[in-house]
Every structure is written in structure tokens, then in C-alpha cells.
Amino acid sequence: MSIAVNQLHKRFGSFAALDNVSLDFPSGELTALLGPSGCGKTTLLRIIAGLEHADSGQVLLDGQDASAQHVRERQVGFVFQHYALFKHMTIFENIAFGLRVKPRAIRPSEEQIRDKVTKLLELVQLDWLADRYPPQLSGGQRQRIALARALAVEPRVLLLDEPFGALDAKVRKELRRWLRRLHDELHVTSIFVTHDQEEALEVADQIVVMNQGKVEQIGSPSEVYQHPASPFVYGFLGNVNLFHGRVHEGILDAGGVAFQAPGHAETRDATGIGYVRPHELEVDRYSPGAEGLLVQLKRVHSIGPLAQLELERDDNADLIEAMISSERYAHLKLKVGEALVVRPKRLHVFVDQQAQ
């Protein structure tokens, strides 16, 4: 089922949680709402579910306006961060709950409920825990049960509000891979909220980056990471080095060092910022006449396949972070305190036209 929201506005007092948000969520795809705390992503999810109401705007489910529909009428499955399981019920009864409370006219028989719950327990690979109670399960197991309970009522839409936020890093990584496999099997139109960039990039078909109640960018994980639409998106999706300067006819002058500024050949003397990710910097030992930015190696963190270098410029600017392979680090035999030269392999420049 397709989902769309059209010109949604929502305020809590003087705070604008959503400011004219319009989005399409393709049928059968898994979309991540990504952004910092307070950006409006959970408010948007709750409005789609019917748990909150917008001040204005529409929620469309399969093209039909559902804005006035009660949450029960929307046939939405909702998975909360903290599971929201009934502690006094067994795992089996937790999953069966949504089926048992259906109106008598459409309520399945006990045999149908038993068959449905058993299949869902097998689907989430926890059929051996049917008679246990939630406090007896690990966090990862409880979240899978919460997902099974949401799926029991055969929702047209599955909404997940930071479903792995309460779990430790290792379990979170395992579960998000499991969720991706499960989604590929079921193809339920799904939206999940997260502030974890790695999680969104790994799991989602489509990413919606939000900031201060507005949509900054929509696209595939590859699109938003490789071609960020704004400085906010670039900075939010992983570590980044900033080079401040002036842009003139395709060149960024950052403190006396000239960098190519692709796409800005027509720009005349504008304030600009170059964005470079740590792995997009070439690092070499300094030699007279070497092109690039002169820096000093302040610290090295080399564990596993990558070496993280902290580099300092001589103009007291922010530290620069570079990432090179451990093999190259060993080959260069770098020492803390020595002079190096860095050059961006790829530079994305944003120009402030108002500050020219």
C-alpha cells in the first residue's frame, strides 16, 4: 500500500514540529526517517499512524484521505522503541492480543489464532519461547516479539519508532540485518524512524533526511550519501572536514590553499565551504614543492583495517581527520609530530550566495 502526506503542519505551542511536509512512501518499500532529536520524524510517524493529528494537511493511504480515520481504521502496525509488551501475558498471548480484541464479526477462531501466532513465532525464529514471559527475554528477542505482534493483525503499513534504540550495538546490528531480510520476504510498506545514520544507510530503500520540521533531502542511501543536497545532510551523514574560504571561477581559496570547486565555474568571489570526508583525503609525507595542505600529525588510532589520523593546520583551524588503510599507514611509517600534506580526492563545495 502506498502512503503519502501532503502539506502537513504540526505545532506544539510555539514549537513547529512539522513545517509544510509533503512526502510519498512507495508501496512495498522500507523508508527511513532520519534526523537529529526534535527534527519531527517521530511526530510524522505518529500522524501517519493516527496517534497524533496534524494541525493541517492530509495523510493519504492508497490515495484515500485517512486524516479523519481512527487509528484502528488505518490498519497500521506500530512497533515502539521500548517494546510495549504486556508483562503479565506469555509471548504467545502477546502476539495473539490484537487478534483476540477484533470485533466478533471478524475475529478469527481459536484454531486460526493458534495457527497464525505459531507461524509468526517461526517467522521471527522464536517459536521455542511461546510460553515465556517478556521479562524472561533479552532485549533483542522482545523487539522481535513486538514486531510479530504488529504483524499479527496483517497491517497495510508497518511503522517502527527507533525500534533498535534501546539495544546494545552488537544486537542492534544483528537485528537490522534481520529486519531487512524479513522485509524482503513480506514486502509490507514500512517506515522506520532513526537518528543512526549507519542504520538508515544499511537497511532502507529510501531515506528522508529531516531537520527542524522540514525535509532536507529524499533519495536512495547512495544518493543522499554521495550527493548530499545541503550542508546539513553532508554533515549529518558521517564525519566530515570543513574548509572555509572564498570561491571564484571554480576555485576554493581556503587559507591560501587552492582547491578545485566542481560546479562553480560561474561563481564570482563568494563565501564557500568545502566538505571532504576523512576517507576522501590523500595523505603523503611532506616534501618541498608538494601540492596540498601542509599539516602536522597529532595523533594516530590504528586498529583493524583502517588508521585514523588527526592532523593539525598551522593556522589554528579545526583538526582535520583523515582515514587511510592500515597497510598504507604501515608503508609510510608515519610518526606523530611530522609534517604531512593532504589533498582532497573529492571536494563538495557549498556556496553562500547571500554572503558574497
Side-chain angles (χ1 to χ4, degrees), residues 1-12 16-35 39-80 84 95 97-108 112 116 120 146-163 179 182-194 200 203-210 213-220:
M1 183 185 72
S2 65
I3 309 169
V5 296
N6 186 30
Q7 297 181 329
L8 288 185
H9 292 262
K10 179 66 178 180
R11 299 185 72 89
F12 295 100
L18 295 176
D19 185 3
N20 195 32
V21 172
S22 296
L23 290 166
D24 289 308
F25 300 93
S27 180
E29 290 199 358
L30 179 59
T31 299
L33 298 179
L34 176 65
C39 72
K41 54 190 186 296
T42 292
T43 299
L44 175 57
L45 197 74
R46 291 176 64 84
I47 288 174
I48 293 172
L51 299 172
E52 294 276 359
H53 293 284
D55 297 330
S56 62
Q58 291 179 307
V59 175
L60 304 173
L61 302 180
D62 262 350
Q64 301 297 313
D65 189 351
S67 304
Q69 285 184 344
H70 189 273
V71 60
R72 290 182 181 176
E73 298 174 314
R74 299 192 189 192
Q75 293 180 263
V76 168
F78 205 103
V79 179
F80 298 89
I95 297 174
F97 179 79
L99 299 171
R100 295 197 193 284
V101 298
K102 283 190 172 187
R104 186 179 298 275
I106 59 173
R107 187 184 307 159
Q112 289 173 321
K116 179 81 170 179
L120 282 167
L147 186 55
R149 185 178 63 179
L151 292 171
V153 294
E154 298 183 359
R156 296 191 297 168
V157 179
L158 184 62
L159 307 177
L160 305 100
D161 187 9
E162 301 214 34
L179 175 63
L182 183 67
H183 180 268
D184 289 340
E185 183 176 339
L186 299 177
H187 295 291
V188 177
T189 305
S190 305
I191 307 172
F192 78 99
V193 161
T194 182
V203 174
D205 297 307
Q206 173 180 261
I207 293 177
V208 177
V209 184
M210 298 186 65
K214 296 182 178 181
V215 175
E216 290 274 346
Q217 187 172 357
I218 309 166
S220 68

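Computed from a prediction, not measured in an experiment: that's the story for all the values here.
- When the side chain to side chain contact (heavy atoms under 4.5 Å, CB included) test is applied to Ala49, the partners found at least two apart in sequence or on another chain are Leu51, Val76, Phe78, Leu159.
- Partners of Glu73 by side chain to side chain contact (heavy atoms under 4.5 Å, CB included), not counting sequence neighbours, listed by chain and number: Gln69, His70.
- Shown here for Val188 and Ser190, the closest heavy-atom pair between the two residues is O-OG, 2.7 Å.
- Residues forming a side-chain hydrogen bond (donor to acceptor under 3.5 Å, both in side chains) with Lys116 (at least two apart in sequence, or on another chain): Glu154.
- For the side-chain hydrogen bond (donor to acceptor under 3.5 Å, both in side chains) test, residues two or more places apart in sequence or in another chain that qualify with Gln112 are Ser109.
- In this structure, the side-chain hydrogen bond (donor to acceptor under 3.5 Å, both in side chains) partners of Thr194, at least two apart in sequence or on a different chain, are Glu199.
- Listed for the Arg149 side chain is no donor-acceptor partner under 3.5 Å among the backbone atoms of Gly98.
- Partners of Arg107 according to the side-chain hydrogen bond (donor to acceptor under 3.5 Å, both in side chains) rule, which considers only residues two or more places apart in sequence or in another chain, do not exist here.
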Would you tabulate the side-chain donor-acceptor contacts of residues 20-34 under 3.5 Å, counting partners in other chains and residues two or more places apart, or write 'none'?
| residue | atom | partner | partner atom | Å |
| --- | --- | --- | --- | --- |
| Ser22 | OG | Gln7 | N | 2.8 |
| Ser27 | OG | Met1 | N | 3.0 |
| Thr31 | OG1 | Gln206 | NE2 | 3.3 |

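- Not counting sequence neighbours, the partners of Lys214 by the salt bridge (Lys or Arg N to Asp or Glu O under 4.0 Å) test are Asp19.
- Residues Phe12 and Glu52 are in side-chain contact: their nearest non-hydrogen atoms beyond the backbone lie under 4.5 Å apart.
- In this structure, the side chains of Leu158 and His183 stay at 4.5 Å or more apart for every pair of heavy atoms.
- Every residue meeting the side chain to side chain contact (heavy atoms under 4.5 Å, CB included) condition with Arg100, not counting sequence neighbours, appears here in chain and number order: Phe92, Glu93, Ala96, Glu110, Ile113.
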Mind listing the side-chain donor-acceptor pairs of residues 40-47 below 3.5 Å, one per line with the distance, residues two or more places apart or on another chain?
| residue | atom | partner | partner atom | Å |
| --- | --- | --- | --- | --- |
| Lys41 | NZ | Gly35 | O | 2.9 |
| Lys41 | NZ | Pro36 | O | 3.0 |
| Thr42 | OG1 | Asp161 | OD1 | 3.1 |

Hey, mind stepping through Val5 and Leu18 against side chain to side chain contact (heavy atoms under 4.5 Å, CB included) and telling me if it holds?
CA-CA 11 Å; Val5 296; Leu18 295 176; over 6 Å; no
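- The two residues Ile95 and Ala148 come nearest to each other via the heavy atoms CD1-CB, 3.8 Å.
- Taking the side chain as every heavy atom from C-beta outward, Asp55 and Lys10 approach each other to under 4.5 Å.
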Less than 3.5 Å apart, which donor and acceptor atoms pair up between the side chains of residues 56-63 and the rest of the protein, not counting sequence neighbours?
| residue | atom | partner | partner atom | Å |
| --- | --- | --- | --- | --- |
| Gln58 | OE1 | Asn6 | ND2 | 3.4 |
| Gln58 | NE2 | Asp65 | OD2 | 3.1 |
| Asp62 | OD1 | Ser2 | N | 3.1 |

